[in-house]
Amino acid sequence: MHSVKGCTLKQTCPKNGQARSRCRIWCKTNSEPQRESTVQEAIIVTIKPIRETREALISMLKGMIRKTQDFPGCLTARFLDSQDRKELVIFQVWSSSEALEAYLTWRAERGDFMQINDYIEEEQVFRTYSVLV
């Protein structure tokens with residue numbers, strides 16, 4: 001299982017024990033208040049679509065990316081395709097880790113991550129990075 005900021009995919013939240021679809025998916029494992037970060041945060045999401053639903057998924061994700069680009073703190077959001085590897089990639093850069101966390105929480109509360117599950121062969125892989133330059 002891959003994890004992002006403490007919660008693992010298709011399991012329960014280690015912080016509050018709620019089902020992932022009900023918890024604030026990207027909850028912090030440390031509940032102490034933290035200062036807002038000034039370091040930009042990047043996220044790369046790799047998706048393996050089901051062949052028969054690929055075009056429907058691409059259409060849905062294009063609409064989601066447009067909304068992502070308008071979300072506060074989003075500096076860039078791109079949607080990439082590799083037909084050779086049979087995968088789709090979402091690449092985003094955020095003004096801070098807090099902005100990214102707010103966005104992911106918003107998506108989770110809307111049920112967007114669960115909706116995508118009907119179109120993919122295996123779990124989405126989320127990887128976050130601090131932007132150095």
Trainee: Aromatic rings Phe71 and Trp106: how do their planes relate, parallel, tilted or perpendicular, breaks at 30° and 60°?
Mentor: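 Ring orientation, 0 to 90° scale: tilted.
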Trainee: Are Tyr119 and Ile47 side-chain neighbours, meaning at least one heavy-atom pair lies under 4.5 Å?
Mentor: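 No; the side chains remain at least 4.5 Å from each other.
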Trainee: If I compare all heavy atoms of Gly73 with all of Ala99, which pair ends up nearest, and what's the gap?
Mentor: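 That would be CA-CB, 4.0 Å.
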Trainee: Using the benzene-type ring in the case of Trp, are the ring centres of Tyr129 and Phe91 under 6.0 Å apart?
Mentor: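 No.
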Trainee: Would you mind reporting whether Thr128 and Leu100 have side-chain heavy atoms less than 4.5 Å apart?
Mentor: yes
Trainee: Walk me through it: do Ser96 and Glu41 pass the test side chain to side chain contact (heavy atoms under 4.5 Å, CB included)?
Mentor: CA-CA 5 Å; Ser96 66; Glu41 191 85 4; over 6 Å; no
Trainee: Has Thr53 got a side-chain atom pairing as donor or acceptor with Ala56's backbone, closer than 3.5 angstrom?
Mentor: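 A pair under 3.5 Å: no.
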Trainee: Tell me whether Leu80 shares a hydrophobic cluster with Leu75, the cluster being built from Ile, Leu, Val, Met, Phe, Trp, Tyr side chains joined at under 4.5 Å.
Mentor: yes
Trainee: Answer with yes or no whether the hydrophobic clustering places Val89 together with Phe113; edges join I, L, V, M, F, W, Y residues whose side-chain heavy atoms lie under 4.5 Å apart.
Mentor: no
Trainee: If every non-hydrogen atom of Val93 is compared with every non-hydrogen atom of Val131, which pair is closest and at what distance?
Mentor: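 Between these two residues, the closest heavy atoms are CG1-CG2, 4.2 Å.
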Trainee: Thinking salt bridges, do Asp81 and Arg54 make one under a 4.0 Å N-O criterion?
Mentor: yes
Trainee: In sequence, state the C-alpha distance, the side-chain angles, and the governing distance for Cys74 and Trp94, and then conclude on side chain to side chain contact (heavy atoms under 4.5 Å, CB included).
Mentor: CA-CA 5 Å; Cys74 180; Trp94 293 86; 3.5 Å; yes
Trainee: Would you give the length of the straight line joining atom CD of Glu52 to atom CG of Leu57, rounded to the nearest 0.5 angstrom?
Mentor: 12.5 Å
Trainee: For the pair Arg107 (side chain) and Met64 (backbone), establish whether a donor and an acceptor sit closer than 3.5 Å, ignoring hydrogens and angles.
Mentor: yes
Trainee: Under the criterion side chain to side chain contact (heavy atoms under 4.5 Å, CB included), I'd like the reasoning laid out for Thr46 against Gln124: C-alpha separation, chi angles, the key distance, then a yes or no.
Mentor: CA-CA 6 Å; Thr46 305; Gln124 303 169 70; over 6 Å; no
Trainee: Do Ile90 and Ile65 make a side-chain contact, defined as non-hydrogen atoms from C-beta onward lying under 4.5 Å apart?
Mentor: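 Side-chain contact under 4.5 Å: yes.
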Trainee: Under 4.5 Å between any side-chain heavy atoms of Thr76 and Arg78, yes or no?
Mentor: yes
Trainee: Nearest 0.5 Å, what's the CG-CG distance between Asn117 and Asp112?
Mentor: 11.5 Å
Trainee: Quick check on salt bridge (Lys or Arg N to Asp or Glu O under 4.0 Å): which of Glu121, Glu87, Glu123, Glu122 does Lys48 satisfy it with?
Mentor: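 Checked Glu121, Glu87, Glu123, Glu122 against Lys48; only one passes salt bridge (Lys or Arg N to Asp or Glu O under 4.0 Å): Glu87.
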Trainee: Starting from the C-alpha separation in whole Å, work towards a yes-or-no answer on side chain to side chain contact (heavy atoms under 4.5 Å, CB included) for Arg110 and Gln115.
Mentor: CA-CA 9 Å; Arg110 290 171 39 99; Gln115 182 181 5; over 6 Å; no
Trainee: Would you mind reporting whether Ile58 and Leu88 have side-chain heavy atoms less than 4.5 Å apart?
Mentor: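 Counting from C-beta outward, Leu88 and Ile58 do come under 4.5 Å.
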